[in-house]
Amino acid sequence: MEYEKEARQELEEWRRKITKRSGILSRAAKGAQLKINNWIPDKVQAVITEGIRKMVQGALYSSEFLTKSGMTAHLPLKEKETLIWEKLERYKKLASAEGAGTGAGGFFLGLADFPLLLSIKMKFLFDTAAIHGFDTDTPEERSFILHVFQLAFSSDAHRKKMLGVVENWEKHPVLPEEIDWKVLQQEYRDYLDFVKMLQLVPGIGAAVGAYANYNLLHHLGETALNAYRIRYFSDKKRAQAF
C-alpha cells in the first residue's frame, strides 16, 4: 500500500508537469524547428510521413507487436512496474544502439531510423499493456496504446486532449475508426523533427541518434507508466464501489 501511495503522488506530479505550458526555450526551439522544416525537401518529408502512417496503422491491424498477458495481471502494482522498467531499460539500450548505427550511416540510413525507432516504441507499449493484463489483440486496447503514444509525442494542446481521453477511457473508449490519423502523424513528426533531423547531419549523426533515441524511450516509458497507473487506480476505485 505504501508503494501505491507513492505512485499516486508521482502520478499527480506527472499530471501537473505535462499540463504546464512549455517553457520559453521549448517554444523557441519549436519556432526554429518550423523554419528547419521549410528547408527539408518534400521527398524526405514524404518518406518520414509514410513510415509513420504504416507503422501506427500496423499497430492496429497486424500481429507484429502482440504480447501475451501471461500471469502478470494480478501482480501488485510495484511488481508490474518493476517488470515494465526492466523492459524499458532493454528497449532504451536497443534504441540507443540503433540510433547510433543509423546516425553513423549517413543520410539514407538516418532516414531508416524513423520506422525502426517506431517499431521499438510500439513493442514497448504492447509489452506494458500485457504486463497490466490487457488483451492487446483487441481493437480497443490497440487504440488505447496509440493514445498513450500520442500523449507522449504531441504539442501542448494535443497532449492535454490526449490526457483527457486516457483519464476517461473506461467511460468513453475511443474506437480505432475514430482516430485522426492525419493529426497523429503530424503531431509525432513535429515533435521529433528538430532533434531527429540533426541525426542526418554527417559527423554528429551517431552521437545525436544514440542520445535522442535513449531519451525518447525514457520519455515514452514515463508516459506509459503513468497512463496505465491512471487505469489501474480507476479500476481499483470502481471495484471498491461494488
Side-chain angles (χ1 to χ4, degrees), residues 14-15 17-22 26-62 64-65 111 113-126 128-129 136 138-197 212-213 216-217 219-224 226-228 230-231:
W14 173 80
R15 271 195 179 105
K17 181 177 74 172
I18 69 166
T19 53
K20 285 175 60 178
R21 189 185 182 197
S22 296
S26 295
R27 296 198 301 274
K30 180 68 175 177
Q33 172 190 318
L34 292 175
K35 290 181 180 179
I36 290 175
N37 285 351
N38 292 331
W39 302 340
I40 300 169
D42 290 341
K43 288 184 178 180
V44 173
Q45 299 217 31
V47 168
I48 294 167
T49 301
E50 181 65 10
I52 294 169
R53 185 188 68 81
K54 287 183 177 178
M55 183 59 64
V56 294
Q57 289 189 336
L60 277 179
Y61 304 121
S62 77
E64 178 183 355
F65 306 107
L111 282 179
D113 176 66
F114 282 86
L116 290 172
L117 181 60
L118 259 173
S119 179
I120 294 170
K121 289 173 181 173
M122 286 297 173
K123 190 66 174 74
F124 168 73
L125 288 174
F126 272 72
T128 299
T136 57
T138 65
E140 290 80 8
E141 288 306 323
R142 292 184 178 218
S143 178
F144 183 78
I145 285 170
L146 291 183
H147 282 82
V148 175
F149 179 84
Q150 292 183 79
L151 180 58
F153 305 116
S154 293
S155 61
D156 288 358
H158 195 64
R159 183 169 61 245
K160 290 176 183 178
K161 180 180 179 181
M162 290 300 101
L163 178 61
V165 172
V166 167
E167 289 177 327
N168 291 287
W169 190 264
E170 304 307 324
K171 293 181 180 178
H172 305 289
V174 178
L175 298 176
E177 55 266 28
E178 298 176 76
I179 293 174
D180 190 327
W181 294 104
K182 184 177 179 180
V183 170
L184 188 157
Q185 293 172 49
Q186 190 66 47
E187 288 286 339
Y188 178 65
R189 203 194 70 180
D190 285 353
Y191 185 95
L192 296 188
D193 268 351
F194 183 71
V195 67
K196 297 304 285 180
M197 285 305 163
N213 284 10
L216 287 168
L217 258 293
H219 173 66
L220 179 62
E222 182 183 44
T223 303
N226 283 291
Y228 281 97
I230 290 172
R231 290 189 75 179

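Source: prediction; values computed, not measured.
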Exercise for the section: Evaluate the side-chain contact (heavy atoms from CB on, under 4.5 Å) criterion for residues I18 and L151: first the C-alpha distance (whole Å), next the side-chain angles of each, then the deciding distance (0.1 Å), finally the verdict. Expected result: CA-CA 9 Å; I18 69 166; L151 180 58; 4.0 Å; yes

Handout entry: Heavy-atom side-chain proximity of D156 to R159 below 4.5 angstrom
Key = yes

Exercise for the section: For residues A227 and V166, report the shortest heavy-atom separation together with the two atoms involved. Expected result: O-CG1, 4.1 Å

Handout entry: Contacts of type salt bridge (charged side-chain N to carboxylate O under 4.0 Å, His left out), residue E140, not counting sequence neighbours
Key = none

Handout entry: Shortest non-hydrogen separation from A224 to F124 and the atoms involved
Key = CB-CE2, 3.9 Å

Practice task
List in chain and number order the residues that pass salt bridge (charged side-chain N to carboxylate O under 4.0 Å, His left out) with E187, two or more places apart in sequence or in another chain; answer none if no residue qualifies.
Solution key: none

Exercise for the section: Quick one: list whatever passes salt bridge (charged side-chain N to carboxylate O under 4.0 Å, His left out) with K17, sequence neighbours left out. Expected result: E222

Exercise for the section: Measure from the side-chain N and O atoms of S154 to the backbone N and O of Q150, and report whether any donor-acceptor pair falls under 3.5 Å. Expected result: yes

Exercise for the section: List for me each residue that meets ring-ring contact (aromatic ring centres under 6.0 Å, His included) alongside F144, sequence neighbours excluded, and say none if there are none. Expected result: W169, Y228

Practice task
State, with a plain yes or no, whether a side-chain heavy atom of L117 is found less than 4.5 Å away from one of L217.
Solution key: yes

Handout entry: Check: E141 side chain, T138 main-chain N or O, donor-acceptor pair, under 3.5 Å
Key = no

Handout entry: Nearest atoms (heavy-atom pairs only) where T136 meets R142
Key = O-NE, 2.9 Å

Problem - Contact check, side chains of F153 and T223, non-hydrogen atoms, under 4.5 Å - result: no

Problem - For H147, side chain to side chain donor-acceptor pair (under 3.5 Å) partners two or more places apart - result: none

Problem - Heavy-atom side-chain contact between L146 and M122 under 4.5 Å - result: yes

Handout entry: Side-chain heavy atoms of I230 within contact of L163, under 4.5 Å
Key = yes

